[in-house]
Amino acid sequence: MTSPLPQQADPTEKRRFLKQLLLGASAAYLFAPFYAVWRYLVSPSEKRVPIAPLTLNGGDVESERLTFLRFGDKNVLVRRDANAVRAFNLRCTHAGCTVEWQDAAQKFVCHCHGAEFHADGTVAKLPATEPLEELTVRREQGRMILFDEAKQR
Ligand code: FES
């Protein structure tokens, strides 16, 4: 004769399942700090995808001394002076705030922690220790093209 009630699970099976569950949770708990450290150490710049070159609107850049534009994920200032056209990523190298160009003083200022940069992007005042990223602007076949490649200083 068969029993009408469903059979109860074997207590040793339950125990084995709970052990595996506890082991998995413990492993995840122990691994989490290593994952966080790994994410911190791997620079986002190592994961970045290069931005396609951008043809600058010659008219605007030729006539305006200052042109602000978005280039991929970067806020860029293209500045024209008597000698050249230069482009700077406005991301502060200290902690990533956006710097402001102060035309009267001819310098970049970061309002987050007070860093300042000279007009050529070099550091004028701490806490930033690295210069602003300067992007390459080349004139090709009469057009000005902005490239996502840091200029060598
Ligand atoms: Fe610019 Fe700190 S982020 S000074």
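In listed order, ligands and their atoms are each counted from 1.
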Minimum-distance atom from atom 2 (Fe) of ligand 1 among N, O or S atoms of His113: ND1
Minimum heavy-atom distance Thr93-Pro131, with the two atoms named: CG2-O, 3.0 Å
Shortest non-hydrogen contact between Asp120 and Glu134, atoms and distance: O-OE1, 4.4 Å
Test item: Arg79 side-chain N/O and Trp101 main-chain N/O as donor-acceptor pair under 3.5 Å: no
Spacing of CD1 belonging to Ile145 relative to CZ belonging to Arg139, to within rounding of 0.5 Å: 10.5 Å
Contacting atoms of ligand 1, where contact means under 4.0 angstrom from a heavy atom of Cys97: 3 (S)
Which of the ligand 1 atoms, numbered from 1, are nearer than 4.0 Å to a heavy atom of Ala115: 4 (S)
Atom 1 (Fe) of ligand 1 reached by His94 (N, O or S, under 2.8 Å): no
Short N/O/S contact of Cys110 with atom 1 (Fe) of ligand 1 (below 2.8 Å): yes
Salt bridge flag under 4.0 Å for residues Glu140 and Arg143: no
